[in-house]
Amino acid sequence: MHPDLSADLCARLREAFLNAGYTADGVVDALGPQAHAALGRGEPEPARRASKDAGSLGTLIRLFLLGDQEPEQDVRKALHGVDIDDAVRNEVLAADRTAGDLRAGLDVRPYEDNWWVIADLDSDLRGGAVPEDHVLGVGHASISLARATRRTPVGTLLDLGTGCGVQALHASTHAERITATDLSERALRLAQGTFRMNELDVETLQGEWFGPVRNRRFDQVVCNPPFVVGPPRVDFVYRDSGLGGDDASALVIRQLPSFLNEGGVGQLLASWVHRRGEDWEERVSGWLPRGGVDAWFVQRDIAEPALYVGTWLKDAGVDPRSPEGRAKASAWLDWFEENDVQGVGFGYVTLRRTDEMHSQVVCEDLRHAYDDPLGPEAARWLDNVAWLRANPDLLGQRFRVADTVLLEEVSEPGEDGWKKVVARLHRTDGPGWQHEVDEATAKLVAGCTGALPLEDLLSLLEFAYGEIDAEAALPIVRDLIRHGMLIPA
């Protein structure tokens, strides 16, 4: 049996949380920045101490965020108006009738703009490994996808594999109608609770991959698929697809464009294997349907097999030193060796359906640290690609350098003083793009003030410095436009 988080139960929980101040801001205010930061690091004691004088809010913090057992009378006071027996029947709470205490049965926590997310308790709060049908809460992957998603207003949006519903929550800020699907009945039950808690009207459908929305199209699709790479098995439904290797990512990327309206955009997290003698860019590009799709693959990290396996075992609360952990790790690593996998790439994929004859496919590494969310950059990339397609003759165009672009030069000491080793253009906002440039390119970019077309700038450079290869300069200019470093004037 799965919980039935009814509209009435969710409405009463919402009212109790608002009355107690159990919101994202309320928790930070009650705990203070240091204890809240410690809680985020998995160190609960400072938060436990800070919550002692916080009344009903403190009770809810210890109950749901720390996993403590709390006296039943305190919980009833904090959840005034909630039918406690109903909450216990539907797993929101779990009762220890002997001690007269209650504890959390589900992870119900504040999130961002006065939202709440309902998920299963993680391995730390459970005190052991999670079950196969575990519904993951808000984690690093889901947050990173939310930050990488374009927020341009759309009419219809599909959240494929919604899990606890966090992507649909974010989608509510820019989509008029949202459909959320999942293979797991339990995930859909908890996602429905998330939507009701936040007073959102979301269509929910159960089924595998795109099956529940066959013959439908959307303006936007977001997807955090079960992208873990390894043997074809399902240990945990939230991360394992039952498909071998990176076939889950390939399936979504191959099929997603056919569920988009013309001009519609799909964005997902994905993984891909790195094999000996194989170019990862060719691998992922080969998953796309032929033509009709602009695609941007951004590789954020590459993990070597041992690190990859250990990370995912610990993610599920499996001790790598236990007999179970050793057996799973051994089978996993054997699979990597048998398939010549040297590493696993991870990153973001942005797709746009287009009827244009010449679609654009770009794969690039973005493994350095940066702070800005990638969503606005994805929107910018799509706009820049569309502009380039509409304006194939760059020589007649005027450009200016983005205000956030700097020219950095690195020099080393030599016999005659400092010797320049490298010069690079660096965009200091967004993902912090960098391009190494030669002297001629640096001068060309410096001349982009919006006053002269590119053709005239190249002519001036040729007059001053000798022969300039305009055809060689154009690909560099296109890259700088795509990365928002040169802006059409």
Side-chain angles (χ1 to χ4, degrees), residues 1-6 9-10 13-14 17 22-24 27 39-40 42 44 60-68 79 87-94 102-146 159-172 178 180-200 202 204 206 222-228 235-240 269 312 314-317:
M1 293 293 293
H2 298 298
D4 179 15
L5 302 174
S6 67
L9 175 57
C10 290
L13 284 169
R14 176 187 176 87
F17 290 167
Y22 186 59
T23 63
V27 170
L39 182 59
L60 296 176
I61 289 171
R62 293 189 297 276
L63 187 72
F64 288 113
L65 302 185
L66 307 184
D68 291 355
L79 295 178
V88 170
R89 278 194 303 272
N90 291 292
E91 301 184 31
V92 176
L93 300 173
L102 294 169
R103 58 181 173 80
L106 294 173
D107 186 319
V108 187
R109 66 180 57 220
Y111 176 66
E112 291 216 356
D113 300 327
N114 287 333
W115 290 329
W116 296 270
V117 174
I118 302 177
D120 278 323
L121 299 173
D122 63 21
S123 58
D124 288 339
L125 294 186
R126 291 178 61 88
V130 301
E132 180 181 331
D133 65 350
H134 177 74
V135 179
L136 192 68
V138 181
H140 292 301
S142 55
I143 291 174
S144 66
L145 177 59
D159 178 8
L160 182 72
T162 190
C164 66
V166 64
Q167 301 305 323
L169 275 187
H170 284 281
S172 69
I178 302 169
T181 69
D182 208 289
L183 173 65
S184 164
E185 180 183 353
R186 182 175 182 84
L188 279 182
R189 292 288 188 94
L190 299 192
Q192 288 165 353
T194 294
F195 303 146
R196 289 166 184 156
M197 282 282 295
N198 296 287
E199 300 180 327
L200 295 180
V202 177
T204 55
Q206 184 180 2
V222 294
C223 180
N224 184 4
F227 55 72
V228 172
D235 291 336
F236 306 101
V237 293
Y238 73 87
R239 73 177 202 194
D240 302 319
L269 297 178
W312 282 109
K314 293 173 185 175
D315 175 79

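Everything numeric here is computed off the predicted structure, so don't read it as measured data. We're numbering straight along the sequence, starting at 1.
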Test side-chain contact (heavy atoms from CB on, under 4.5 Å) applied to Val117 and Asn198, step by step: CA-CA 9 Å; Val117 174; Asn198 296 287; 5.8 Å; no
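- If you take CZ on Phe64 and CG on Leu121, they are separated by 9.5 Å, rounding to the nearest 0.5 Å.
- Counting heavy atoms from C-beta outward, Leu79 and Leu13 have side chains that approach closer than 4.5 Å.
- Contact annotation: the side chain of Asp240 never approaches that of Pro226 to less than 4.5 Å [non-hydrogen atoms, C-beta and beyond].
- Contact between His134 and Val237 at its shortest, heavy atoms only, is O-CG2, 4.3 Å.
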Stepwise side-chain contact (heavy atoms from CB on, under 4.5 Å) test for Glu112 and Val138: CA-CA 11 Å; Glu112 291 216 356; Val138 181; over 6 Å; no
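- Between Ala168 and Ile178, the shortest heavy-atom contact is O-CD1, 3.6 Å.
- The two atoms that bring Leu9 and Asn90 nearest to each other are CD2-CB, 4.4 Å, heavy atoms only.
- Contact record, Arg196 with Leu5: NH1-O, 2.5 Å, taken as the closest heavy-atom pair.
- Atom OG of Ser142 sits about 6.0 Å away from atom OH of Tyr111, to the nearest 0.5 Å.
- Note that CG of Asn224 is 4.5 Å distant from CG of Leu269, once rounded to the nearest 0.5 Å.
- Taking each heavy atom of Val202 and Ala180 in turn, the nearest pair found is CG1-CB, 3.9 Å.
- In this structure, Ile143 CD1 and His170 NE2 are separated by 7.5 Å, a value rounded to the nearest 0.5 Å.
- Residues Leu60 and Val27 have side chains not in contact (no heavy-atom distance under 4.5 Å, counting atoms from C-beta outward).
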Check against side-chain contact (heavy atoms from CB on, under 4.5 Å), Phe195 and Thr204: CA-CA 10 Å; Phe195 303 146; Thr204 55; 3.8 Å; yes
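- Between Tyr238 and Val135 the shortest side-chain heavy-atom distance does not fall below 4.5 Å.
- Counting all heavy atoms, side chain and backbone alike, Ser184 lies closest to Gln206 at C-NE2, 4.2 Å.
- Side-chain contact check for Gln167 versus Thr162: every heavy-atom pair is 4.5 Å or farther apart.
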Worked verdict on Trp115 versus Leu200 for side-chain contact (heavy atoms from CB on, under 4.5 Å): CA-CA 11 Å; Trp115 290 329; Leu200 295 180; 5.6 Å; no
